**Student:** 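Please read through the structure below; I'll follow up with questions.
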There are 2 protein chains.
Amino acid sequence: MSSSASIKDVAAAAGVSVATVSRVLNSHPSVSPDARTRVLAAVESLGYRPNAVARSLRTDQTRTLGLVISDVLNPYFTELARSVEEEARALGYSVIIGNADERPDLQDHHVQNLLDRRIDGLLVSPTDGGSPLMLGAVRAGTPMVFVDRWIPGVDVPVVRSDGRAAIRDLVAHLHRLGHRRLAIIAGPAATTTGSERVDAFREALARYAIELPDAYIGQGDFQADSGRRVTEGFLDLPEPPDVVFAADNLMALGALDAVRARGLRVPHDIALAAFDDIPWFVHTDPPVTAIAQPTKDLGRAAVRALVDRIEGRVPESVTLPAHLVVRRSCGEPSGPRTSTERSTR
Amino acid sequence: MSSSASIKDVAAAAGVSVATVSRVLNSHPSVSPDARTRVLAAVESLGYRPNAVARSLRTDQTRTLGLVISDVLNPYFTELARSVEEEARALGYSVIIGNADERPDLQDHHVQNLLDRRIDGLLVSPTDGGSPLMLGAVRAGTPMVFVDRWIPGVDVPVVRSDGRAAIRDLVAHLHRLGHRRLAIIAGPAATTTGSERVDAFREALARYAIELPDAYIGQGDFQADSGRRVTEGFLDLPEPPDVVFAADNLMALGALDAVRARGLRVPHDIALAAFDDIPWFVHTDPPVTAIAQPTKDLGRAAVRALVDRIEGRVPESVTLPAHLVVRRSCGEPSGPRTSTERSTR
DNA sequence: CTGAAAGCGCTTACAG
DNA sequence: CTGAAAGCGCTTACAG
């Protein structure tokens, strides 16, 4: 219960002023070797650790980044969060994660909390089109970078991956396998990834003169339950689709649940593909064809952009390509169904 | 770039002293209705938000909890972290997560960082037997609670689940299916969950007069790669096991990778079971039999214990039971192999 | 009910 | 190279 030593205690023990202690702690050049030695000895023997709270108040920097993501339980965001933390640590920053759970109100709660704690910068993957709070923070000059999703019309660097080419590849793959009735489980239209993936899908279909009727666009929210619900709707259609493309991996999980609950089989009865690849997709029944993002690189790039901004350099937006990973959930890649265990990648 | 308003600005705008502003902000009873109204109006019009850093320095509390877990990428810990954050938020605390990645040095880094930031209390799932830093923090009186894993001989409340009964059920299930050569992929012996699960497994086997030879104990580290490596070793044995029980879900993933790489089939060639259940296990090929922990409840209980400790009440250790979820990865539950899609739970 | 003042633990011009 | 002093933005006895 020994309340920890303060800089005063160290100064007293070393026989110097607190200013000198502070200088050696911050490796300020003008300290005599003798003073330095005595201070270091005192620090050691007292087990002194500077109070980061006091330092932050004084210097007006917390060396902390805030990360507000849509859903920690989504393996994509978990990996993103991990990569963010690693890069931040390498650059001398800590990160506080806020989980918005796809709820704008929770997102605002976390943004406000992070701002109150005076984080040096904010990384956010917005759940919606931008609340007054978020827009206010941007206007107030809070260093910010959007990652994965962004808010159109707001002047903030964006680090994301472009899935258009991969979605074209996916549609080509599906078309080659003979699928013509293609449906999508979309994310919320208020998110960029929600609307972009639908747009890219529609454009890719157009190349084959295939329409994307409204009945084949299911409105999900990036969480498993919505994937389940939407898929049930598709299966109830007079003319169900041949393929369901889930705009994220959790909705794909929900789709699998729904298909299985009906006693149907993938890809025999209905094919499935997902945006965002995860390790488990190799082992699902069947292995799931997915579009993989360079998640680690995105996290790293986002932190670098934010730290550039914080430290007065010019941050850059970054767009990295995603790529298609073909497995067996849309049918056998070649000819009639065989038992080949093909693992592309 | 408007540097945010301070309490002084509010006081000036409201025509009162900063003390009065502070009082209304902290809902101190003795403030006149008139003063309160003027302060609130000033707060509103200036968009004032108290500086949490300054408040923390003054009150010596940050309303922040630290959570140091072994591996965020492990879905079990992700769910635990989420539950911890939810309960903490409900009680008015924020949480900073440190990811130790099963490395004692990283664990120490995070503990030190959290301590420097003066978190009010620490929740930890220790990666090892306890570093001098961790033991020192306990001795210094840092409010602490262990969750999932703990350090023997250290007087800190523990919130965890007891897998013994579930492991007995698992072994009974395996025995009933005719399996006699049972192997385990263990976690690090330095962790309690690492050693306990092996002990419980050995004890359960003893009830059937089955030995657990050293060759059937593979040393893993709770991460996927080790599960892969250990499983390869098992398969190379002159007499490979009938069943592999992975002590966590990531090592089970690695085991599946290894089995598939050999072109073998679960459960036909080798059966598989895992500690820690995850949603994907329903959809793997085959669905994986697993032991499920009440993860959400553990997170909640851990936060409550820690907050009890922080706020001067007496914290209690909590042990919750885990339970077996039978699926198809150990063979058909009844009679010869059928195609029944049984989903227990 | 209210304000002036001290103080939380630091850092940093300023003067020497 | 060093120390005294101011100040970061709050809270809280203390006195009135």
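Since we're looking at a predicted model, the values are computed, not measured. Lettering of chains follows the sequences in order, A, B, ..., and the numbering in each one begins at 1.
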**Student:** Provide, to the nearest angstrom, the distance between the CD1 atom belonging to Ile7(B) and the C1' atom belonging to dT11(D).
**Tutor:**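 So the CD1-C1' distance, Ile7(B) to dT11(D), works out to 8 Å.
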**Student:** Sequence neighbours excluded, which residues qualify as side chain to side chain contact (heavy atoms under 4.5 Å, CB included) partners of Val72(A)?
**Tutor:** Ile69(A), Asn99(A), Thr78(B), Arg82(B)
**Student:** Expressed as a whole number of angstroms, how long is the span from His28(A):NE2 to dT11(C):P?
**Tutor:** 12 Å
**Student:** Kindly say if Arg55(A) contacts the phosphate of dT11(C), meaning a side-chain N or O under 4.0 Å from OP1 or OP2.
**Tutor:** yes
**Student:** Please give, in whole Å, the distance from dG9(C) C1' to Leu46(A) CG?
**Tutor:** 15 Å
**Student:** Heavy atoms only, 4.0 Å cut-off, all strands: where does Asp60(A) land among base, sugar-phosphate and nothing?
**Tutor:**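 Touches nothing.
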**Student:** Would you say the side-chain atoms of Thr142(B) pair up with the backbone N or O of Met144(B), donor to acceptor, closer than 3.5 Å?
**Tutor:**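 Between the backbone of Met144(B) and the side chain of Thr142(B) there is no qualifying donor-acceptor contact (under 3.5 Å).
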**Student:** Checking all strands, does Ser32(A) fall into the base, sugar-phosphate, or nothing category for heavy-atom contacts under 4.0 angstrom?
**Tutor:**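 If one applies the 4.0 Å heavy-atom cut-off, Ser32(A) turns out to touch the sugar-phosphate alone, with no base involved.
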**Student:** Can you check the Leu25(A) CG to dC10(C) P distance for me, whole Å?
**Tutor:** 8 Å
**Student:** Would you say the side-chain atoms of Asp221(A) pair up with the backbone N or O of Pro188(A), donor to acceptor, closer than 3.5 Å?
**Tutor:**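 The answer is no, because no donor-acceptor pair under 3.5 Å joins these two groups.
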**Student:** Should Asn26(B) be listed as having a side-chain N or O under 4.0 Å from OP1 or OP2 of dT11(D)?
**Tutor:** yes
**Student:** Within the distance-only criterion (no hydrogens, no angle test), does the side chain of Arg149(A) pair as donor or acceptor with the backbone N or O of Pro126(A) below 3.5 angstrom?
**Tutor:** yes
**Student:** Let's see if you can work this out: which of dT11(D), dT11(C), dG3(C) has an atom nearest to the side-chain heavy atoms of Ser17(B)?
**Tutor:**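 Given the options dT11(D), dT11(C), dG3(C), the side chain of Ser17(B) is closest to dG3(C).
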**Student:** Has Thr37(A) got a side-chain atom pairing as donor or acceptor with Pro33(A)'s backbone, closer than 3.5 angstrom?
**Tutor:**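 Confirmed, Thr37(A) side chain pairs with Pro33(A) backbone.
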**Student:** Is the shortest distance from a Lys or Arg side-chain nitrogen in Asp34(B) or Arg38(B) to a carboxylate oxygen in the other one below 4.0 Å?
**Tutor:**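 Salt bridge present between Asp34(B) and Arg38(B).
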**Student:** What is the distance, to the nearest angstrom, from the NZ atom on Lys8(B) to the P atom on dT11(D)?
**Tutor:**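 Nearest whole value for this atom pair: 14 Å.
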**Student:** Which is more 5' along DNA chain C, the nucleotide nearest Gly15(B) or the one nearest Arg118(B)? Just name the residue.
**Tutor:** Gly15(B)
**Student:** Look at all strands and tell whether Val16(B) reaches a base, only sugar-phosphate, or nothing, counting heavy atoms closer than 4.0 Å.
**Tutor:** sugar-phosphate
**Student:** Given dG3(D), is OP1 or OP2 found less than 4.0 Å from the side-chain N or O atoms of Thr20(A)?
**Tutor:** yes
**Student:** How is the base pairing of DNA chain C summarised as a dot-bracket string, given the Watson-Crick and G-U wobble criteria with both distances under 3.5 Å, [ ] for crossing and | for another strand?
**Tutor:** |||.||||||||.|||
**Student:** Rounded to whole angstrom units, what separation is found between the CZ atom of Arg38(B) and the P atom of dC1(C)?
**Tutor:**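 For the pair Arg38(B) CZ and dC1(C) P, the rounded distance is 14 Å.
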**Student:** Side chain of Ala19(B) only, heavy atoms from C-beta on: which candidate in dT11(C), dG9(C), dT12(D) is closest?
**Tutor:** dT12(D)
**Student:** Would you say the side-chain atoms of Thr192(A) and Arg160(A) include a donor-acceptor pair closer than 3.5 Å?
**Tutor:**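 Side chains of Thr192(A) and Arg160(A): no pair found under 3.5 Å.
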**Student:** Less than 4.5 Å apart, any side-chain heavy atom of Ile310(B) and any of Leu65(B)?
**Tutor:** yes
**Student:** Starting from the 5' end of DNA chain D, give me the residue, Pro50(B) or Arg23(B), whose nearest nucleotide shows up first.
**Tutor:**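 It is Pro50(B), whose closest nucleotide lies nearer the 5' terminus.
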**Student:** Distance criterion of 3.5 Å, no angle test: do you see the side chain of Arg58(A) paired donor-to-acceptor with the base of dG9(D)?
**Tutor:** no
**Student:** Touch check for Ser30(B), heavy atoms < 4.0 angstrom, all strands: base, sugar-phosphate only, or nothing?
**Tutor:** base
**Student:** Expressed in angstrom and rounded to an integer, what is the separation of Leu57(A) atom CG from dT11(D) atom P?
**Tutor:** 12 Å
**Student:** In whole Å, measure the gap between the C1' atoms of dG16(C) and dT12(C) for me.
**Tutor:** 16 Å
**Student:** At under 4.0 Å between heavy atoms, what does Ser6(A) touch on the DNA or RNA strands: base, sugar-phosphate, or nothing?
**Tutor:**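 Ser6(A): backbone/sugar contact only, no base atoms under 4.0 Å.
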**Student:** Tell me the interatomic distance from Asn51(B), atom CG, to dG7(D), atom P, rounded to whole angstroms.
**Tutor:** 18 Å
